[in-house]
Asks: 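What follows is a single structure, and I will ask about it in a moment.
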Amino acid sequence: MTIFKKLVVTTVAVTLTTKAILITSNDEWSDLSYHLTTALSIFQHPQQQKTRVVILGTGWAALSCLQKLDSRKVDVKIISPRSYFFYTPLLAGTATGTVCSTSIIEPIRWHLLRYGTNNFIQGECLGINFQKKFVQYSCGEGEGDEENGIHELPYDHLVIAVGAKPATFGIPGVEEHAIFMKEVENGIMVQHKILEILERANGLLMTGENEEKIKNLLHWVIIGGGPTGVELTAELNDFIRNDVHKYFPHLLPFIRVTLVEATGKILGMFDPKISSYAQSTLTKQGASVLCNSAVVKMTEDSIEIKKQSLGQGAPEVQFEKLNYGMVVWAGGITARPITQKIARLIGGEQISMDGRPIRGLLVGDKFQVKGVPSSPSPTAPGVGAGPCVWAIGDCALSGCPPTAQAAFQQGNYLGRMLRDTNFDPHMIAEYPSFTMTNYGAMAYLGASQGVAELKGMLWDRYPVTKEPNENTIVEGTGAFALWRSLYFSRLLSNRNKAQVIFDWFKASVFGRDISSPFVRSSPQLSPPSSLDGSAKKAADHTLKKD
Ligand code: FAD
Ligand code: NAD
């Protein structure tokens, strides 16, 4: 065999093996057989009327569901205020410029075109009429056929995948003063805020201003020691060590990062060993980690925390005030107003004992929303006899954790089930229930360190600390390498992959970008009207403080 032939054979073998690994890891073998069978049968049977499917949302759950539906049999329409899919795991990196925010978003229209349609409506679902089977939505003020600008979109099947919103637990001041860490614009706001603060502190120092004021301004507080808060703290530590150190060395003695956590440990969802490793790693890098410290109040420039010291006897409670220059809220998630409204419309078991809607929509073993009345569809015979309203992802209460991993698998499952059963209620009733494969969880800790808690046979081959019947735990640089490569490989498009790899390279070789497009003291500093409440408030807050 010539060298050329060997090269061709090797390339083909490597490509096929990689494809097979990807298909296996994405659990897509059954999709291949479906597409092969339908490709042959589609010519034999004339196509019946398409089933109208409306999907609410453009997040993990919505997109993975869309990708499994068969466009030849389904007329799918998507409604969402967000016209793009957004890769949440890399959001913390955008807050310091490790990754650009545009590198982790991709237009939903790309996916729709690949799917063979262009039916996306940028709008917000405001309600659902379950009897008449239509969704009410608005695309902005003053539009629409009706006086109040509300449109109606009929459906045969409805997939609710509206995600969740930050939970503030009604703590006074949080809505008004904190920046949340949930959407793309939140990452942008944190980045602009820290750049603005650094320049401002520099100005104050040069004019001989009171050092206490500078210290307070350079105190950045992150509330919530879950993975979101931990990863943001890690990114801020990296930014300070690599970039502030280079461009603002004179500010280093004043700068502080504090992570505040209500419970006794950070990363509470992980193994206790990981929690303590994460805490010591963040502390070694310069951040202060305050556990057993619940934020109870927030003002324009300070937070009040309730500290519990758990010694012998009754726990001692103290209150402490911390001044801050920037505060980010990463205290968890709760149901969006639309999810609560839907729960109220359904009533029954969707409402808790105290009369309030529960944290999400209660769903059955196949993600059918519990308590929705059946009503026959005028266009799809058989539809209405069984469930036709589904909820997946963070807005569903299914027993799965509110993670992208779970939302993606749920969307895949639902899309595949509706496709394979052709919406037939009898076949749906016999379809196997959903089971989630939990591959574990990972988090970045800064300074090229990470933690990973992995589950399943696949990981048993890694040289890691492991005791019988325990999850596999990887810590340090190995976990960081795993974190980067896994999250990189899960990016959906090649365009985003190229952008992210370039961003990482750029940040490590040339440093992060420390320029902000906002000009201080300019009316242009006002945030664009498209920003959501929290981001807008954060920007307004920046202005107010000026
Ligand atoms: P989302 O992805 O939130 O999508 C909801 C969609 O619904 C959006 O398009 C939204 O615009 C739309 N919508 C909202 N309201 C309406 C309405 N009224 N009408 C129509 N549409 C509406 N999970 C992991 O597994 N690994 C991680 O590393 C990880 N990192 C994360 C990092 C951060 C900073 C955050 C915030 C979350 C992270 N998660 C991670 C969790 C993960 O992002 C969520 O669990 C996941 O996004 C849930 O997917 P979803 O489709 O249910 O909701
Ligand atoms: P979370 O619910 O996991 O953590 C929120 C933390 O905030 C909790 O530890 C809670 O005790 C604390 N908290 C709440 N109120 C507080 C108060 N008043 N004062 C101080 N602390 C308070 O929320 P999250 O980190 O935003 O994560 C949300 C979801 O997204 C989770 O399911 C998580 O697994 C997932 N996620 C995963 C990753 C990852 O795997 N790398 C990254 C980010 C998010």
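Counting starts at 1 for both ligands and their atoms, in listed order. Only a predicted model underlies this, so the values are computations on that prediction, with no experimental measurement involved.
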Asks: Just the distances, no angles: every ligand 2 N or O to protein N or O pair closer than 3.5 Å, one line each.
Replies:
unit_1, atom_1, unit_2, atom_2, d
ligand 2, 9 (O), Glu261, OE1, 2.7
ligand 2, 9 (O), Glu261, OE2, 3.1
ligand 2, 11 (O), Glu261, OE2, 2.7
ligand 2, 18 (N), Val295, O, 3.1
ligand 2, 19 (N), Val295, N, 2.9
ligand 2, 21 (N), Ala262, N, 3.1
ligand 2, 25 (O), Pro227, N, 3.3
ligand 2, 25 (O), Thr228, N, 3.0
ligand 2, 25 (O), Thr228, OG1, 3.2
ligand 2, 26 (O), Thr228, OG1, 2.9
ligand 2, 32 (O), Pro402, O, 3.0
ligand 2, 40 (O), Met442, O, 3.3
ligand 2, 41 (N), Glu231, OE2, 3.3
ligand 2, 41 (N), Met442, O, 2.6

Asks: Please compare Arg82, Met181, Lys165 and report which has the shortest non-hydrogen distance to atom 36 (C) of ligand 1.
Replies: Met181
Asks: Atom NZ of Lys77 and atom CG of Leu112: how far apart are they, to the nearest 0.5 Å?
Replies: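 Going from the NZ atom of Lys77 to the CG atom of Leu112 covers 11.5 Å.
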Asks: Can you classify the ring geometry of Phe480 versus Trp483 as parallel (below 30°), tilted (30 to 60°) or perpendicular (above 60°)?
Replies: parallel
Asks: With respect to Gly123, determine whether any N or O atom, backbone or side chain, lies less than 3.5 Å from an N or O atom of ligand 1.
Replies: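 Min N/O separation from ligand 1 is not below 3.5 Å for Gly123.
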Asks: Does the N or O separation between Thr228 and ligand 1 drop below 3.5 Å for any pair?
Replies: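 Among all N and O atoms of Thr228, none is under 3.5 Å from an N or O of ligand 1.
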Asks: To the closest 0.5 Å, what do you measure between NZ (Lys321) and OH (Tyr324)?
Replies: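 Rounded to the nearest 0.5 Å, the NZ-OH separation comes to 11.0 Å.
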Asks: Among Thr88, Ile338, Leu63, which one has a heavy atom closest to atom 33 (C) of ligand 1?
Replies: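 Considering heavy atoms of Thr88, Ile338, Leu63, the nearest to atom 33 (C) of ligand 1 sits in Thr88.
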Asks: Heavy atom under 4.0 Å from ligand 1: found in Leu126's side chain, backbone, both, or neither?
Replies: neither
Asks: Assess whether side chain to side chain donor-acceptor pair (under 3.5 Å) is satisfied between Thr403 and Trp60, documenting all intermediate values.
Replies: CA-CA 9 Å; Thr403 60; Trp60 285 96; over 6 Å; no
Asks: Give a yes/no on ligand 1: does Pro81 have at least one heavy atom closer than 4.0 angstrom to it?
Replies: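 The answer is yes: ligand 1 sits under 4.0 Å from a heavy atom of Pro81.
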Asks: If you measure only the distance, is there a donor-acceptor pair under 3.5 Å linking the side chains of Glu235 and Thr98?
Replies: yes
Asks: Quick one: does any side-chain atom of Ser275 pair with a main-chain N or O of Ile266 as donor and acceptor, under 3.5 Å?
Replies: yes
Asks: If you measure from atom 9 (O) of ligand 1 to every heavy atom of Ile79, Thr58, Asp394, Ile160, which option wins on shortest distance?
Replies: Thr58
Asks: Using a 4.0 Å cutoff against the non-hydrogen atoms of Gly163, which atoms of ligand 1 qualify?
Replies: 3 (O), 5 (C), 52 (O), 53 (O)
Asks: Are more than 12 heavy atoms from other residues, nucleotides or ligands located less than 6.0 Å from atom NZ of Lys497?
Replies: yes
Asks: Write out the residue and atom name of the closest protein heavy atom to atom 27 (C) of ligand 1, then the distance separating them to 0.1 Å.
Replies: Tyr487 OH, 3.4 Å
Asks: Using distance alone, decide if ligand 1 has a nitrogen or oxygen within less than 3.5 Å of any nitrogen or oxygen in Tyr84.
Replies: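 Between Tyr84 and ligand 1, no N or O pair is found under 3.5 Å apart.
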Asks: Say you draw a straight line from CD of Gln67 to CZ of Phe408; how long is it, rounded to the nearest 0.5 Å?
Replies: 6.0 Å
Asks: Is there at least one pair of N or O atoms, one from Leu91 and one from ligand 1, spaced under 3.5 Å apart?
Replies: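 Leu91 vs ligand 1: no N/O contact under 3.5 Å.
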Asks: Between Asp503 and Ser103, does the side chain to side chain donor-acceptor pair (under 3.5 Å) criterion hold? Intermediate values first, please.
Replies: CA-CA 8 Å; Asp503 289 346; Ser103 305; 2.5 Å; yes
Asks: Quick check against the 3.5 Å criterion: does Gln410 have a side-chain atom that pairs as donor or acceptor with the backbone of Cys400?
Replies: no
Asks: Between atom CZ of Arg416 and atom CG of Leu414, what is the distance when rounded to the nearest 0.5 Å?
Replies: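 The CG atom of Leu414 is 11.5 Å from CZ of Arg416, to the nearest 0.5 Å.
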Asks: Minimum heavy-atom separation for Ser493 to Glu106, with atom names?
Replies: OG-OE1, 3.0 Å
Asks: Are Asp156 and Arg52 close enough for a salt bridge, meaning some N to O gap below 4.0 Å?
Replies: yes
Asks: So is there a nitrogen or oxygen of Ala164 less than 3.5 Å from a nitrogen or oxygen in ligand 1?
Replies: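 No.
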Asks: Taking only heavy atoms of Ala161 into account, list the atoms of ligand 1 that are under 4.0 Å away from them.
Replies: 5 (C), 6 (C), 7 (O)
Asks: Heavy atom of Phe408 under 4.0 Å from ligand 1?
Replies: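 Heavy atoms of Phe408 never come under 4.0 Å of ligand 1.
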Asks: In terms of residue, atom name and distance, what is the protein heavy atom nearest to atom 23 (N) of ligand 1?
Replies: Ala404 N, 2.9 Å
Asks: Is it the side chain, the backbone, both or neither of Pro402 that has a heavy atom closer than 4.0 Å to ligand 1?
Replies: backbone
